[in-house]
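Below is one structure, written out as structure tokens; the observations come after it.
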Amino acid sequence: MHLAYPAVLAVLLFCTGLYGVLARRNAILVLMSVELMLNAVNLNLVAFDVWLRDTLHAGQALTLFTITVAAAEIGIGLAIVLLVYRNRGSSDIDRLRDLAERPDEADAAATDRQPDTEAEATA
């Protein structure tokens, strides 16, 4: 087997995934693009394992580990996206940047919680 064929396919998959991560605004499509990139890495691992005729099959073992990590990543990622969609009504990545609490909002919340002066006077 020629090593060039799976390597070229892996490069095409990785470039497609990279384009999806950089160009898409939908969080679910970004997660799918990350999965494409991980599958390109898996294809390279298996292709080089077969080409090198490794007796321990380390490339295939690393591929199984990568698949496990990808499954955990997609599970947690989809849970986060669903929670954000329920709270915000959109899974647009540009709007997700507004999740951080601004310093002026934290100061306003702190001033709302001033202690009751009558309770302190009686104590």
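Everything numeric here is computed off the predicted structure, so don't read it as measured data.
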Closest approach of M37 to L18 (non-hydrogen atoms, all atoms of both residues): SD-N, 3.6 Å
V34-F14 co-clustered via ILVMFWY side chain contacts under 4.5 Å: yes
Closest heavy-atom pair and its distance - G20, S33: CA-OG, 3.2 Å
Inter-residue atom distance L3.CG - L52.CG, 0.5 Å rounding: 8.0 Å
Reported OG-to-CD1 distance for the pair S91 and I80, which is rounded to 0.5 angstrom: 13.0 Å
Nonpolar side-chain network containing L31, other nodes, edges under 4.5 Å: I28, L29, M32, I74, L78, V81
Any donor-acceptor N/O pair, D49 side chain to L45 backbone, under 3.5 Å: no
Residue pair L38 / A70: nearest heavy atoms and the distance that separates them: CD1-CB, 3.6 Å
CG on N42 to CG on L13, rounded to 0.5 Å: 10.5 Å
Shortest non-hydrogen contact between A7 and N44, atoms and distance: CA-OD1, 4.0 Å
Heavy-atom pair with the smallest gap, counting every atom of V21 and V30: CG2-O, 4.1 Å
Members besides F65 in its Ile/Leu/Val/Met/Phe/Trp/Tyr cluster (side-chain heavy atoms under 4.5 Å): V69
